[in-house]
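For reference, the structure is listed below as structure tokens.
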Amino acid sequence: MSDKIAYSRHGDIAVLTVQNPPVNALSHAVRQGLWDGMDRAEADAGVRAVLIVGEGRAFFAGADITEFGKPPLDPHLPDLINRIEASPLLVVASMHGVSLGGGLEVALGCHYRIAVPTARVGLPEVHLGLIPGAGGTQRLPRLTGVDAALDVMTTGRQIGAARALDLGIVDVIRDGDPAENGIAYTEKLLADGATRRAVSALPLPDPIDWDGAFDATLARSRGQISPAWCVRAIQSAYDTDFARGLKAERKIFSDLMQTDQRKGMIHAFFSERAVGNLPELKGIAPRPMALVGVIGGGTMGAGIATAALLSGLRVHMLEMSPEAGEAARGRIAGNLSGALKRGKISAAQRDAMLDQALQVTASYDTLADADLVIEAVFEDMGVKKAVFGELDRVCKPGAVLASNTSYLDINEIAATTSRPADVLGLHFFSPAHVMKLLEVVVADKTAADVAATGFALGKALGKISVRAGVCDGFIGNRILSTYRTCADHMILDGASPFQIDQALEAFGFAMGPFAVADLAGLDIGWAVRKRKRAEGLDPRARDAAYADRLCADGHFGQKTGKGYYEYAAGPRARAPNPDVMPLIEAERAAQGITARGFTDAEIVRRYMAAMVNEAARVVGEGIARRPLDVDVTLLFGYGFPRYRGGPLKWADMEGLDALLADIRAYAEEDPYFWQPAPLLEDLAAQGRTFDDLNKEG
Ligand code: T1G
């Protein structure tokens, strides 16, 4: 028997304990072990029941995702689950931690299910571009009804034990050790003469309007297809018997396994877990970070303070005046009330955070004991240097000094202190207590344990931290600036901001670049354009000034009710601002440009080519350590559609040769903007991919 399954006897009960840390993935060895364990139990004299229980922190986290894309090995999971369900013995599952995907499907193949109160169950296959492929679409509706089953499958969200009990997924909830609970529950079932209860034999619940559900699911999935196919898989149960329903489910599953969406989403799954693994930080202990100082209580500062409070850290918030301090406290209180509303914290916890963990001050001296200080003041180098000068004066030796700048040179900021080794960038994304991404900007002199502290803080705050080198805009904003410039060029040449937004939203972005600009505030882009012009633009660079006029007229987007769009009916009901196109046409006339038409496909192709080309530069220069670092940055900070895996995964799937050929064609029109990145040329010439670089780590 495989070493992944331990076999033991407790009276009439054979216990199969799964031992495949860290999360009991249903690898080939685990499947074989379970099959052999069932055989052994059925041959073991006196055994009347089998208990399946997981060791460690989970029942099963599902199929082993590392086996995807490889030739599947017998026993296949659907066959194993059918074998368990068909056993002449009573089979019970005792669930704790998570039971996800194939893990829940194993439990559904058992005749009875007990769970601890903290257990969570789900079918998150859609998050991998798939559907449940081992009977989940055929068995779950028989327990929960179609609507609840569809909700579980199309959202992929985890549900708690209490809700699972309500839905009939689990039969009993009992606190304590899962193995002991399972044995006691199975003994009671045997004592009560409980019969084997195959879920597959249960009657089907009432059907639904399948086409309606399919179309509605597709419409809200922004181009991702697997959620809608959950509908068709459940529907197949109604067209035939259980065995053929399983076959239909498997067919849909196997077809989705071949899609780019599946490849993109699995790349995203492993990349977000790999991005924090940096060889140079292995074994480096972070510095303490119990007390965090935050300077500047505006939207960003208040968000950072909120994230720290929500993670149990103490915060000293520094503002320039008591009035500004009270305003900052108000913003933080508002953020915490939002967390209370979302059920993340209790009222008592909120009050304790505001009254005990948070201190608002107007004196730098209160930062003397801070372990780590994050500056989030106005985005101006002079202001930043003044702040770091003060921090250098008051902070204790060993304190970590961080800047939340989005663009500015961390090396230059660090050089204004006597302790540049203690300085790094911690670039949060707005709203900082919600957005998952954190760029940890490691400057030339940043000490390894200071970088390690940045990553440790990211983990404590529940962020996905990406290491970035120092350049204008680090990883994300540098790439953003390039694809935004490409969009501006398309506007000068004939496209409209509204067509561009629609084309990219159809491509899968949550919002197009101009709607995003309105959300962030057009004054940010205006300040950047002014700074770049002051620094001196290369005469070959095309400049688009039409948006400056919008800003000069006081239109900064959502916060002023008007920008590229008008928001009279609220942020979700935007309408094109009729003043925009005349400004653009005037700019074209001023630059002597004759507008031409753009197809949505061409808009997406150029936009993505610009993104990939700049991303290749960012990797080539070592600003991003690996291509997956760029993918994770764009996925978690810039609304890149997860089912495309990120811009460099997308590029690999599109083919680097073709993309390079397009860039070279665009360069004939604008050789200055479209200079192919050396890394992209090298990879294409060598027939290699960005993923090859990821594998080299
Ligand atoms: N297969 C292989 N490795 C897995 C895994 C899995 N299913 N789940 C986690 N890992 C690895 C992960 O890469 C990491 O490795 C380590 O375990 C800890 O994970 C037929 C086909 C379970 C909630 O989608 O959501 O079943 O980085 O860092 O934050 O219908 O992992 O340490 O080397 O994420 O505590 C369906 C995926 C599969 C669940 C734990 N199941 N996993 O979160 O730890 S498809 C899923 C998770 C399926 C069937 C279909 C989470 C977690 P490393 P972690 P965590």
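Just follow the structure's listing: the first ligand is 1, and inside any ligand the first atom is 1. These figures come from a predicted structure and were not determined experimentally.
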Aromatic ring pairing W210/Y238, orientation class (parallel under 30°, perpendicular over 60°, tilted between):
tilted

For atom 35 (O) of ligand 1, closest protein heavy-atom neighbour
R57 NH1, 2.7 Å

When you look for heavy atoms under 4.0 Å from ligand 1, do you find them on the side chain of V23, its backbone, both, or neither?
side chain

Have a look at ligand 1 and work out which part of A25, if any, has a heavy atom under 4.0 Å from it: side chain, backbone, both or neither.
side chain

Among protein heavy atoms, which lies nearest atom 7 (N) of ligand 1, and at what distance?
A63 O, 2.9 Å

Going by atom types only, do D691 and N694 share a side-chain donor-acceptor pair under 3.5 Å?
yes

Salt-bridged, E249 to R139, with N to O below 4.0 Å?
no

Mark whether atom 18 (C) of ligand 1 lies under 4.0 angstrom from at least one protein heavy atom.
yes

Considering the heavy atoms of P22, write down every atom of ligand 1 situated less than 4.0 Å from one of them.
16 (C), 17 (O)

Any atoms of ligand 1 less than 4.0 Å from a non-hydrogen atom of F270? List them with their elements.
13 (O)

What I want to find out is whether K251 reaches D255 closely enough, with some N-O distance under 4.0 Å, to be called a salt bridge.
yes

Work out whether the distance between some heavy atom of L130 and some atom of ligand 1 is less than 4.0 Å.
no

Backbone or side chain, does any N or O of G102 fall under 3.5 Å from an N or O of ligand 1?
yes

the protein heavy atom lying closest to atom 41 (N) of ligand 1 turns out to be A61 O, 2.8 Å

State whether a side-chain donor-acceptor pair under 3.5 Å links S87 with E42.
yes

How does N277 reach ligand 1, if at all, at less than 4.0 Å between non-hydrogen atoms: by side chain, backbone, both, or neither?
neither

F60, portion touching ligand 1 at heavy-atom distance under 4.0 Å
neither

Can you find an N/O atom of R250 closer than 3.5 Å to an N/O atom of ligand 1?
no

Could E125 and R262 be called an ion pair, given the rule that one side-chain N must be under 4.0 Å from one carboxylate O?
no

Could R244 and F242 be counted as a cation-pi pair, given that NZ or CZ must be under 6.0 Å from the ring centre and within 45° of the axis?
no

For ligand 1, which atoms have a heavy atom of E105 less than 4.0 angstrom away?
20 (C), 30 (O), 49 (C)

Examine ligand 1 and decide if any of its atoms is less than 4.0 Å from a heavy atom belonging to P132.
yes

Could you find the nearest protein heavy atom to atom 2 (C) of ligand 1 and give me its residue, atom name and distance?
D64 OD1, 3.3 Å

F636 vs F429, ring pair (Phe, Tyr, Trp, His ring centres under 6.0 Å): CA-CA, chis, key distance, verdict:
CA-CA 9 Å; F636 287 92; F429 289 74; over 10 Å; no

Look at ligand 1 and say whether E67 reaches it with a heavy atom at a distance under 4.0 Å.
no

Out of curiosity, is H127 lining ligand 1, as in a heavy atom under 4.0 Å away?
no

Please list, one pair per line, the donor and acceptor atoms closer than 3.5 Å that link side chains of residues 107-124 to other protein atoms, with sequence neighbours excluded.
| residue | atom | partner | partner atom | Å |
| --- | --- | --- | --- | --- |
| H111 | ND1 | V91 | N | 2.9 |
| H111 | NE2 | E85 | O | 2.8 |
| Y112 | OH | T195 | O | 2.8 |
| R113 | NE | I169 | O | 2.7 |
| R113 | NH1 | A107 | O | 2.8 |
| R113 | NH1 | C110 | O | 2.8 |
| R120 | NE | Q158 | OE1 | 3.1 |
| R120 | NH2 | Q158 | O | 3.3 |

Test log, rule side chain to side chain donor-acceptor pair (under 3.5 Å), inputs D239 and S236
CA-CA 5 Å; D239 306 343; S236 67; over 6 Å; no

Pairs satisfying side chain to side chain donor-acceptor pair (under 3.5 Å), at least one member in residues 49-65, at least two apart
Q19-E55, D64-T66

Might you check, step by step, whether the distance between atom 33 (O) of ligand 1 and some protein heavy atom is under 4.0 Å?
no

For atom 1 (N) of ligand 1, what is the nearest protein heavy atom, given as residue, atom name and distance?
I65 N, 2.9 Å

Within 4.0 Å of atom 43 (O) of ligand 1 (strictly less), any protein heavy atom?
no

CZ/F509 to CZ/R644 distance, rounded to the nearest 0.5 angstrom?
9.0 Å

How far is atom 37 (C) of ligand 1 from its nearest protein heavy atom, and which residue and atom is that?
F269 CE1, 3.5 Å

Give the atom numbers and elements of ligand 1 that come within less than 4.0 Å of a heavy atom of F253.
21 (C)

Please check if a non-hydrogen protein atom sits closer than 4.0 Å to atom 53 (P) of ligand 1.
no

Hey, is ligand 1 close enough to P124 that some N/O pair sits below 3.5 Å?
no

Looking at G62, which atoms of ligand 1 are within less than 4.0 Å of one of its heavy atoms?
26 (O)

Of all the non-hydrogen atoms in the protein, which one sits nearest to atom 31 (O) of ligand 1, and at what distance?
R273 NH2, 3.7 Å

Should the pair R232 and F214 be classed as cation-pi, given the thresholds of under 6.0 Å to the six-membered ring centre and 45° from the axis?
yes

